[in-house]
S.K.: 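I have a structure I would like to understand better, so I am pasting it below and will then ask my questions one at a time.
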Amino acid sequence: MRYIRYAFLAALAVVLVTVAIANRDVVTLNLLPAELATLSGVTMSVSLPLFVVIFGAIIAGLLIGFVWEWMREYKHRSAASTHKREKEKLAREVSKLKTDKAKNEGDEVLALLEN
């Protein structure tokens, strides 16, 4: 499996380098369309190679997806935490009841075997 993973990563690196070499042209990214920029007076633009824009969009999409999924799974993590606390509480209660029962019966050997 390790060699398959390395082969996949090598193939992915070759594809990414090929895309980067093929898209070296500089493009200009504008914050707003030209008409809206002149109307508002905000003319922010940046010139970058196209492959930087492509890779940046991929990374931004992945980050947005990860954050979105983390927020969506909050209810499941909360429920798991609640169930874990309940389980620990019940385990402590069972242990306490076993020791109380052993004290009432007075048989120390049986109390040790039950624990």
Side-chain angles (χ1 to χ4, degrees):
M1 283 306 286
R2 182 174 20 163
Y3 295 119
I4 293 172
R5 182 175 58 210
Y6 290 150
F8 175 74
L9 290 176
L12 181 64
V14 167
V15 168
L16 291 177
V17 168
T18 304
V19 168
I21 290 172
N23 295 296
R24 291 180 292 171
D25 295 336
V26 176
V27 294
T28 301
L29 298 177
N30 295 314
L31 181 65
L32 298 172
E35 297 81 17
L36 192 56
T38 56
L39 181 63
S40 67
V42 177
T43 56
M44 291 185 61
S45 64
V46 104
S47 295
L48 298 169
L50 183 59
F51 74 90
V52 172
V53 175
I54 293 170
F55 294 158
I58 291 170
I59 290 171
L62 285 171
L63 289 175
I64 290 169
F66 287 144
V67 169
W68 189 272
E69 188 65 17
W70 181 78
M71 289 176 7
R72 190 185 69 80
E73 291 175 347
Y74 172 76
K75 62 182 174 185
H76 300 294
R77 287 192 310 273
S78 176
S81 176
T82 302
H83 290 135
K84 181 180 176 185
R85 281 194 304 271
E86 271 184 38
K87 180 189 76 83
E88 291 170 353
K89 178 184 166 195
L90 291 173
R92 283 192 305 268
E93 187 175 337
V94 165
S95 175
K96 181 180 177 249
L97 289 173
K98 281 183 179 180
T99 56
D100 289 347
K101 180 181 176 188
K103 285 180 183 177
N104 290 339
E105 290 179 1
D107 194 358
E108 295 175 5
V109 174
L110 287 177
L112 288 174
L113 290 176
E114 286 183 358
N115 288 334

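Every value quoted in this text rests on a predicted model; they were computed, and no experiment measured them.
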S.K.: Would Leu48 end up clustered with Phe51 when hydrophobic side chains under 4.5 Å apart are linked, directly or stepwise?
M.R.: yes
S.K.: Which residue pairs satisfy the side chain to side chain donor-acceptor pair (under 3.5 Å) criterion with at least one member in residues 60-74, sequence neighbours excluded?
M.R.: Glu69-Arg72
S.K.: Could you name each residue pair satisfying side chain to side chain donor-acceptor pair (under 3.5 Å) that touches residues 45-64, not counting sequence neighbours?
M.R.: Thr28-Ser47
S.K.: Using residues 9-25 as the side-chain source, report each donor-acceptor pair under 3.5 Å to any protein atom, sequence neighbours left out, with the distance given to one decimal.
M.R.:
| residue | atom | partner | partner atom | Å |
| --- | --- | --- | --- | --- |
| Thr18 | OG1 | Val14 | O | 2.7 |
| Asn23 | ND2 | Val19 | O | 2.9 |
| Arg24 | NE | Ile21 | O | 3.1 |

S.K.: Of all residues at least two apart in sequence or in a different chain, which pass the side chain to side chain contact (heavy atoms under 4.5 Å, CB included) check with Leu62?
M.R.: Ile58, Phe66
S.K.: Would you mind writing out the side-chain donor-acceptor pairs for residues 84-91 within the sub-3.5 Å range, not counting sequence neighbours?
M.R.:
| residue | atom | partner | partner atom | Å |
| --- | --- | --- | --- | --- |
| Arg85 | NH1 | Ser81 | OG | 2.9 |

S.K.: Taking Met44 as the starting point, is it possible to reach Leu36 by hopping between hydrophobic residues whose side chains are less than 4.5 Å apart?
M.R.: yes
S.K.: Mind checking side chain to side chain contact (heavy atoms under 4.5 Å, CB included) for Ser40 and listing every partner two or more places apart, or none if nothing turns up?
M.R.: Leu32, Val42
